[in-house]
Amino acid sequence: MEISGPYDPKQVEDKIYKLWEDSGFFSPDNLPNNSKLKIKNSKFSIIMPPANANGNLHAGHALVMTIEDIMTRYKRMQGFKTLWLPGLDHAGFETQVVYEKKLEKEGRSRFKMAPEELYKEIMDFTLENKKNIEGQIRKMGASCDWSREKFTLDPEIIKIVYGTFEKLFNDGLVYRGKKIINWCIKHQTSLSDLETKDTEKTDKLYYLKYGPFTIATARPETKFGDKYVVMHPSDPRYANFLQGQKISLEWINGPIEATVIKDEAIDMEFGTGVMTITPWHDAVDFEISQKHNLDKQQIIDFYGKLLPVAGEFTGMKISEAREKIIAKLQAKGLVEKIEENYKHIVKTCYKCDSLIEPQIKEQWFLKMAPLAKPVIKAIKAGKVKFIPEHYKKISLHWLENIIDWPLSRQIVWGIPIPAKICEKCGFATIALSDVKRLTDMCENCGGVMQKDPDTFDTWFSSGQWPFATLMAGQTADAQGSGVAKDFKTFYPTDVMETAGEIIFFWVARMMMLGLYMTKKLPFKTVYLHGLVLDIKGQKMSKSKGNVINPLELIDKYGTDALRIALIIGNTPGTSLALDENRIKGYKNFANKIWNGSKFVLMNLDGYDVANPPLLKALAWQGKNLKELKILVKETAKLMDEYKFYVAGEKIYHYFWHTFCDKIIEESKPALLDPKTRLATQYMLLEILVTSLKLLHPFMPFITEEIYQQLPIKDKKTCLMVENWPV
RNA sequence: GGGCGCUUAGCUCAGUGGUUAGAGCAUUCCGUUUACACCGGAGGGGUCGGGGGUUCGAAUCCCUCAGCGCCCACCA
């Protein structure tokens with residue numbers, strides 16, 4: 001009797017994972033054909049959201065691994081050709097930020113390093129982390145196909161990403177634009193709108209005399225070049241001023257000539273209803289200047305320092321210059337009043353919280369509206385199912401108001417943008433297969449073409465993940481269609497399961513790029529889970545010090561207990577406050593499974609596995625088996641509806657409070673009576689095996705360990721590939 | 001300014017029209033029955049945020065009010 005004492009996950013988990021991995025059944029290629037399955041060519045595929053290879057597995061990953069493993073194991077047991085494809089993400093900006101922090105601690109700086117040297121160091125760092133994370137994913141019991149694992153920097157993946165870029169370029173969807181972007185001074189890169197966040201800040205609001213007007217500004221340091229004064233066309237206060245009218249006035253560094261502009265973007269209620277514009281450093285101002293074709297001048301450089309246009313203030317940082325400029329204006333009598341405690345929203349870098357300085361910079365942009373349009377249509381036609389449903393509305397709302405996507409990042413860690421840019425005229429073209437474009441002479445002005453030093457926004461590569469992972473490293477299929485075999489077999493994938501948080505960053509972009517490149521949406525169902533919070537319901541963060549390390553929980557309670565604790569009571573889309581007490585409770589449940597199984601195994605003496613008895617005459621045993629059938633049916637329905645939180649709870653409840661508390665107790669006398677002994681043995685074994693099957697997707701380790709020791713007919717190599725009960 | 005959620009037992013949450021509203025944890029009482037004390041048995045505890053409506057019937061559908069949270073957006 002190998003099952004003795006309390007259940008000890010440490011004795012079991014690594015051993016069992018090895019058994020599975022060695023069995024080869026993580027790969028759909030090795031799965032036995034299930035003849036019972038009615039569906040033809042039935043496959044189930046799910047692509048793992050590529051984890052960032054820059055740290056350790058966190059609680060959110062633990063949830064991803066659990067939910068996706070449940071889906072995978074369920075379908076595999078049902079007889080589907082099941083593929084769960086794992087992957088890792090180089091996570092461009094995020095990883096570079098992590099690495100820069102490391103450099104800072106060591107007293108180094110990326111700006112003092114050669115790009116190649118920095119790239120190599122981050123690559124080593126990433127590959128090291130990649131190995132760790134792969135080990136940690138195994139710890140979670142993930143039954144993914146490691147033989148198909150992909151990394152976003154695999155040469156084959158990069159090739160596909162380049163192919164997409166080329167097609168987008170040729171279709172006129174990728175363009176080089178001199179537009180306003182979000183510039184992080186600390187990280188020295190542009191960021192998409194999604195990579196910035198709004199922060200409330202209290203500043204002073206300065207009312208400055210600008211010729212006959214009074215303008216209100218929180219940023220006097222940007223005002224040096226302001227030569228356009230804008231008001232609403234129907235503002236009666238300024239009806240006397242005409243569009244294009246020139247006004248001479250005294251300004252910070254001497255007399256200037258201002259031009260009157262009328263634009264409806266002006267809020268008549270705010271301040272004085274008049275403002276001057278700084279198109280280089282403000283998104284609204286940029287729009288106005290574009291509309292009226294106005295001059296744009298850079299005032300602040302990319303390090304946050306004032307340029308020569310600022311005269312005596314040149315070279316000063318914003319923080320330093322602001323008060324000095326105001327002092328000068330006051331001396332000139334140009335400050336009307338200063339409003340203290342002016343609360344407003346400013347954009348900050350989502351990683352370092354430093355203020356975003358809007359800048360005009362030439363970048364690669366992707367036109368999004370033409371990509372979004374067919375996706376909107378497909379969503380409205382119900383081509384993709386959202387779980388929970390309200391994400392459908394959220395996605396549509398975003399897609400319908402989409403803006404162009406800046407693709408360029410000024411960081412070394414990422415996929416280099418395959419483009420060349422003329423250093424003289426700025427003419428840019430992609431540099432890929434087309435030989436003509438590889439020449440170093442600008443076809444526009446004859447200048448020298450230089451390689452684009454920028455890299456892609458990391459989401460540009462992960463946005464292609466479902467088709468890229470299935471196409472990469474694949475030989476074409478036997479029919480010679482030129483289509484990768486895995487792509488043909490497994491695309492579109494069945495489910496995309498990820499965090500609701502990254503619906504725009506990732507899910508929406510996958511739909512757009514996937515549909516554009518393959519004519520099909522990359523997945524049929526989107527399952528979005530919520531955040532894993534700490535016990536107080538707060539978001540986990542390193543700075544708060546409330547991060548729960550899943551590996552520690554595994555060490556204390558076992559993987560199975562952690563997994564089911566993450567599932568039961570956790571509805572899709574809703575965040576879960578992780579209470580360690582609950583995990584402890586499920587550790588007790590694991591022990592209950594262990595002991596219930598032990599009881600059944602201890603009482604099998606004299607039972608012939610090959611020749612089960614007839615049960616017709618035995619009402620009590622038959623009744624229990626009928627109830628089991630009902631549970632099996634209910635469970636399958638819930639699993640198909642992705643209601644794992646109910647399915648898990650139902651099985652939990654059945655095993656503990658029906659099977660153990662009632663059936664086992666009542667079977668004790670029945671086992672002693674020779675007339676009912678065999679039938680009772682049969683019933684107990686039947687219920688145990690069925691329960692283990694139902695529990696397996698949720699708690700794979702303990703159920704497999706027990707299965708390995710059961711004396712049953714037609715036993716499979718492992719429970720993982722047993723037939724799901726029907 | 002727009003959008004999306006949430007409000008059910010002390011706590012964390014299920015439950016979307018149909019018998020006395022559920023689970024886990026916590027709590028009270030009892031129990032050393034040879035699978036398990038990481039256990040078993042019994043119990044207490046909710047006018048389902050307020051108000052109105054639809055219905056034979058509402059936690060569930062509609063309207064409204066209040067509180068909480070999140071997301072999006074260019075108010076100088």
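In what follows, chains are A, B, ... by sequence order, proteins preceding strands, each numbered from 1.
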Calculate the interatomic distance between [X] atom [atom1] and [N] atom [atom2]; express it in whole Å.
| X | N | atom1 | atom2 | result |
| --- | --- | --- | --- | --- |
| A:E400 | B:G2 | CD | P | 18 Å |
| A:I567 | B:A14 | CD1 | P | 14 Å |
| A:Y342 | B:C75 | OH | C1' | 7 Å |
| A:L578 | B:C11 | CG | C1' | 15 Å |
| A:E195 | B:C72 | CD | C1' | 16 Å |
| A:H281 | B:A76 | NE2 | P | 17 Å |
| A:D263 | B:C74 | CG | P | 16 Å |
| A:L396 | B:C72 | CG | P | 17 Å |

Counting any heavy atom closer than 4.0 Å, what does [X] reach on the DNA or RNA strands: base, sugar-phosphate only, or nothing?
| X | answer |
| --- | --- |
| A:G558 | nothing |
| A:I277 | nothing |
| A:T278 | nothing |

[N] and [M]: how far apart are their [atom1] atoms, nearest whole angstrom?
| N | M | atom1 | value |
| --- | --- | --- | --- |
| B:G15 | B:U7 | P | 10 Å |
| B:U28 | B:C6 | P | 35 Å |
| B:A59 | B:U8 | C1' | 7 Å |
| B:G3 | B:C65 | P | 14 Å |
| B:C25 | B:G41 | P | 12 Å |
| B:C72 | B:C38 | P | 48 Å |
| B:C30 | B:A35 | C1' | 22 Å |
| B:G52 | B:C70 | P | 32 Å |

Whom does [N] pair with, Watson-Crick or G-U wobble, provided both distances fall under 3.5 Å?
| N | answer |
| --- | --- |
| B:G1 | B:C72 |
| B:G44 | none |
| B:A59 | none |
| B:A23 | B:U12 |
| B:G17 | none |
| B:A37 | none |
| B:U7 | B:A66 |

Nucleic acid contacts of residues 215-225 of chain A, taken as heavy-atom distances under 4.0 Å to RNA chain B: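 Those residues are A:A216, A:T217.
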Closest listed nucleotide, where the reference is the side chain of A:T574 and the choices are B:A76, B:A14, B:A73: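 That would be B:A14.
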Cation over ring face, A:K584 and A:Y557, 6.0 Å, 45°: no
For [X] and [Y], I'd like to know if the aromatic rings sit close, meaning centre-to-centre distance below 6.0 Å.
| X | Y | value |
| --- | --- | --- |
| A:F224 | A:F313 | yes |
| A:F386 | A:Y527 | no |
| A:Y210 | A:W251 | yes |
| A:F655 | A:H653 | no |

Residue from A:D353, A:T199, A:N182 passing side chain to side chain donor-acceptor pair (under 3.5 Å) with A:T348: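 The option that passes is A:T199.
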Under 4.0 Å protein heavy-atom contacts per nucleotide of nucleotides 3-9 of chain B, with B for base, S for backbone only and - for none: -SS----
Per-nucleotide protein contact string for nucleotides 25-46 of chain B, where B marks a base within reach and S marks sugar-phosphate only (heavy atoms under 4.0 Å, - for neither): ----------BB-BSSS-----
Criterion side-chain contact (heavy atoms from CB on, under 4.5 Å) against A:I288, the qualifying member of A:K291, A:H292, A:Q290: A:H292
Residue closer to the 5' end of RNA chain B, A:D198 versus A:K343 (nearest nucleotide):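 The answer here is A:D198.
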RNA chain B: 5'-proximal contact among A:T272 and A:L194 (nearest heavy atom): A:L194
side-chain N/O A:Y645 vs B:A23 OP1/OP2, d < 4.0 Å: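 False: A:Y645 side-chain N/O out of range (4.0 Å or more) of B:A23 OP1/OP2.
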Can a salt bridge be assigned to the pair [X] and [Y] using a cut-off of 4.0 Å between side-chain N and carboxylate O?
| X | Y | result |
| --- | --- | --- |
| A:E580 | A:K587 | no |
| A:R219 | A:D282 | no |
| A:D579 | A:R582 | no |

Check: A:R237 and A:M231 side chains under 4.5 Å, non-hydrogen atoms: no
Step-by-step salt bridge (charged side-chain N to carboxylate O under 4.0 Å, His left out) determination, A:D193 to A:K347: CA-CA 9 Å; A:D193 280 0; A:K347 274 190 180 184; 3.4 Å; yes
Heavy-atom pair of closest approach, residues A:D295 and A:K227: OD2-NZ, 3.1 Å
Check: A:T635/A:K650 side-chain N/O donor and acceptor closer than 3.5 Å: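 A:K650 and A:T635 do not have a side-chain donor-acceptor pair below 3.5 Å.
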